[in-house]
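A quick write-up on the structure given underneath.
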Amino acid sequence: MNNHTDVARARKLVNARLGFYIHLTVFVLVNALLIVINLVTSKDRLWFQWPLLGWGFGILVHAVVTFVIPGVQGKMIDKELKNSEMKG
């Protein structure tokens with residue numbers, strides 16, 4: 001691969017990770033606010049866990065897509081390149 005392709009791939013990965021960190025920060029801040037609102041307004045009826053769980057699932061999926069899948073793809077690409085070098 002050439003340097004331009006490597007830089008483009010690295011930029012894409014960095015942007016994906018920054019997007020995840022922004023998403024995580026918003027998740028933490030908004031859900032902290034929802035917890036405070038819930039506890040201040042009605043301690044006997046707790047509802048904050050529902051948006052926390054739903055959005056938390058979304059954060060988990062975002063983390064997998066951002067951190068796990070690119071690593072697996074990279075290993076698969078490396079394996080295919082190695083196999084093609086051995087054949088060629």
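Values reported hereafter were calculated over all heavy atoms of this structure, with side chains retained and with hydrogens, waters and symmetry mates removed.
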Minimum side-chain heavy-atom gap Leu39-Leu46 below 4.5 Å: yes
From CD1 (Ile59) to CG (Asn31), nearest 0.5 Å: 9.0 Å
Any Ile37 side-chain heavy atom under 4.5 Å of Phe48 side chain: no
For Ser42, all residues meeting side-chain contact (heavy atoms from CB on, under 4.5 Å), sequence neighbours excluded: Asn38, Asp44, Arg45, Trp47
Distance-minimising heavy-atom pair for Thr66 and Ala16: CG2-O, 3.6 Å
Reported CZ-to-OG1 distance for the pair Arg9 and Thr5, which is rounded to 0.5 angstrom: 8.0 Å
Within one Ile-Leu-Val-Met-Phe-Trp-Tyr cluster: Val36 and Leu52, side-chain cutoff 4.5 Å: no
Verify same cluster id: Phe67, Phe27 (apolar side-chain graph, 4.5 Å): yes
Transitive ILVMFWY side-chain link Val65 to Val68, under 4.5 Å: yes
Val30 side chain near Leu34 side chain, heavy-atom distance below 4.5 Å: yes
Heavy-atom side-chain proximity of Leu53 to Phe57 below 4.5 angstrom: no
Single-linkage hydrophobic cluster Val14~Leu24, side-chain heavy atoms < 4.5 angstrom: no
Shared hydrophobic cluster, Val28 / Phe20 (ILVMFWY, side-chain heavy atoms < 4.5 Å): yes
Side chain to side chain donor-acceptor pair (under 3.5 Å) involving Trp55 - partner list, sequence neighbours excluded: His23
